[in-house]
Amino acid sequence: LGLFGMGFSISTARLGRVADILTTCAGENEWRGVRIDLDEIGEGFDVPEIGEPKDDPSEHGTKIVIRRLDPDRLRFLSSKHELIRQRLGHVYSWLLDHTAITIRINGKVATPRRHCVWSEDRYVPYGRGAQSEMIPAVIPIDHELPEADACGDCGHWQQSGLEECGRCGGTDMRHRRRRIHGWVGIQRYLHTDQFGIDFIRNGRKILMSDKSVFEWTDVNDPAGAVLVEYPIEIPANHGRIVGEIHLDHVPVDYKKDRFETSSREWIWAMELIRGKGPLRPQYAKKYNYDESNDSPIGRLFRGYQKNK
């Protein structure tokens, strides 16, 4: 479905000229598959079948072997094993923590990067009298949206009842659940960069430490200045609000490295997570919004704005 990047053919072709794709089931005696050789493939795109014997008949799975590697990319990647392992551990940390998937780089396991946050049982009191509240250090989010149809060919989401995909014209429409879920919370240390929200799509982090949730623009003046509302306390530029939010249904651009922020799905998600109005009461009053922003980010901002 092209959920995770540019796609198999482009990604393998950038690494090498030959790709062997082999698969097998438990009980079979060989691996079976095809070989894609970019220097041999013709206009008909026919590729030869290949196979190799198995040492262990119980073995099962799929493997992709890329040969005739691009010298420049090989030279670049071979010196960055540790950096690649850390990056993959961060991007796929949710999958590594919640599924049986393991990623190894040159035999070494990529470990997930976990947020260092205060316990859900910790809280701070805020306000007085009838307006007082206890704001927990971690706030869970689980919001169901009306179900919609997703295209089985390209993954595009659209309203239910349409017979064809509005993007690719496919007819394999599948009724699916839409849900915004995850958490936001308070990190146990301040940092100038390591704060913000990780936005996840199908188990992969599309945005990491994203700080756009702390920015606000008046919808009545889209050409107006962007109001950066957090962090504002001393020490300057040091933040500690973090989180992980799953947005499987929100569309992404063709490279799958950012969300389509103009889509209604993204706008709805932002309104749920940080509210429609500003986080700071004085600006909310100035722009005629409710001064009490009760969104998850709004509550954390209110309770933990001061870096005590």
Side-chain angles (χ1 to χ4, degrees), residues 114-145 179-200 207-222 224-247 250 259 261 266-308:
R114 301 179 178 94
H115 288 283
C116 179
V117 294
W118 291 105
S119 165
E120 295 179 4
D121 298 328
R122 302 295 294 272
Y123 63 88
V124 294
Y126 182 85
R128 296 179 179 177
Q131 303 299 320
S132 66
E133 59 178 321
M134 299 296 184
I135 302 178
V138 175
I139 299 176
I141 296 172
D142 196 344
H143 183 76
E144 292 280 353
L145 295 167
R179 179 182 172 214
I180 300 171
H181 63 104
W183 60 272
V184 292
I186 300 300
Q187 190 167 244
R188 296 184 1 147
Y189 62 92
L190 292 162
H191 202 277
T192 56
D193 182 61
Q194 292 176 17
F195 69 96
I197 310 301
D198 295 340
F199 288 100
I200 303 169
L207 299 175
M208 295 183 289
S209 301
D210 181 70
K211 299 168 181 59
S212 64
V213 292
F214 309 128
E215 300 174 352
W216 185 82
T217 303
D218 185 3
V219 294
N220 298 313
D221 183 17
V226 175
L227 184 65
V228 179
E229 302 190 87
Y230 178 85
I232 55 176
E233 287 293 309
I234 296 174
N237 302 321
H238 285 65
R240 56 177 178 166
I241 295 178
V242 296
E244 291 184 345
I245 304 295
H246 295 258
L247 301 175
V250 177
F259 288 95
T261 54
W266 173 264
I267 294 171
W268 288 343
M270 289 302 100
E271 290 181 358
L272 173 70
I273 296 164
R274 63 140 293 140
K276 290 185 178 181
L279 299 174
R280 289 189 275 180
Q282 64 270 34
Y283 283 99
K285 183 178 181 179
K286 176 181 177 181
Y287 291 100
N288 299 315
Y289 286 90
D290 190 338
E291 293 180 44
S292 179
N293 187 325
D294 289 323
S295 68
I297 293 291
R299 294 185 67 204
L300 290 180
F301 175 82
R302 185 160 65 240
Y304 299 87
Q305 176 180 333
K306 295 181 179 180
N307 290 324
K308 292 182 180 179

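These values consider heavy atoms only, across backbone and side chains, with no hydrogens, waters or symmetry-generated copies.
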Open item on the list: Looking at R280, is its backbone amide N or carbonyl O close enough to the side chain of E229 to form a donor-acceptor pair, meaning the two atoms are under 3.5 Å apart?
Closed with: yes
TODO: Measure the CD-CZ distance between E215 and R274 for me, rounded to the nearest 0.5 Å.
DONE: 9.0 Å
Task: Student check: side-chain heavy atoms of V242 and W183 closer than 4.5 Å - done: yes
Open item on the list: Are H143 and W268, when compared by the centres of their aromatic rings, separated by less than 6.0 Å?
Closed with: no
Open item on the list: Please report the interatomic distance OG(S212) to CH2(W266), rounded to the nearest 0.5 Å.
Closed with: 5.0 Å
- [ ] To the nearest 0.5 angstrom, please state how far the CE atom of M270 sits from the NZ atom of K276.
- [x] 14.5 Å
Solution key, residues 116-140 side-chain donor-acceptor pairs under 3.5 Å, sequence neighbours excluded:
residue, atom, partner, partner atom, Å
S119, OG, D121, N, 3.0
S132, OG, G129, O, 2.8
E133, OE2, R302, NE, 2.9
E133, OE2, R302, NH2, 3.0

Open item on the list: Would you say that V213 contacts I241 through its side chain, given a criterion of any heavy-atom pair below 4.5 Å between the two side chains?
Closed with: no
TODO: Nearest 0.5 Å please: distance from the CD1 atom of I297 over to the CD1 atom of I245.
DONE: 7.5 Å
Task: Output field: ring centroids W216/Y283 closer than 6.0 Å - done: no
Open item on the list: Would I197 and L207 count as a side-chain contact (heavy atoms from CB on, under 4.5 Å) here? Give the steps.
Closed with: CA-CA 8 Å; I197 310 301; L207 299 175; over 6 Å; no
Task: G277 to N293 - nearest heavy-atom pair and separation - done: O-ND2, 3.5 Å
Task: Donor-acceptor pair, side chain of D210 and main chain of D198, under 3.5 angstrom - done: no
TODO: Check the angle between the aromatic planes of F214 and Y230 and answer parallel, tilted or perpendicular using the 30° and 60° thresholds.
DONE: tilted
Task: Closest non-hydrogen atom pair, R240 against Y304 - done: NH2-O, 3.3 Å
TODO: Might you confirm whether atom CG of N237 has over 12 heavy atoms from other residues, nucleotides or ligands at distances under 6.0 Å?
DONE: no
Task: For L247 against A269, the heavy-atom pair lying closest together - done: CD2-CB, 3.8 Å
Task: Test item: H238 and T192 side chains (from C-beta on) under 4.5 Å apart, heavy atoms - done: yes
- [ ] Output the distance between atom NE2 (H115) and atom CD (Q187), rounded to the nearest 0.5 Å.
- [x] 7.5 Å
- [ ] List the steps, then state whether side-chain contact (heavy atoms from CB on, under 4.5 Å) holds for L145 with I180.
- [x] CA-CA 8 Å; L145 295 167; I180 300 171; 4.1 Å; yes
Open item on the list: Looking at D193, is its backbone amide N or carbonyl O close enough to the side chain of K211 to form a donor-acceptor pair, meaning the two atoms are under 3.5 Å apart?
Closed with: yes
- [ ] State the NE2-CD1 distance between H246 and I200, to the nearest 0.5 angstrom.
- [x] 4.0 Å
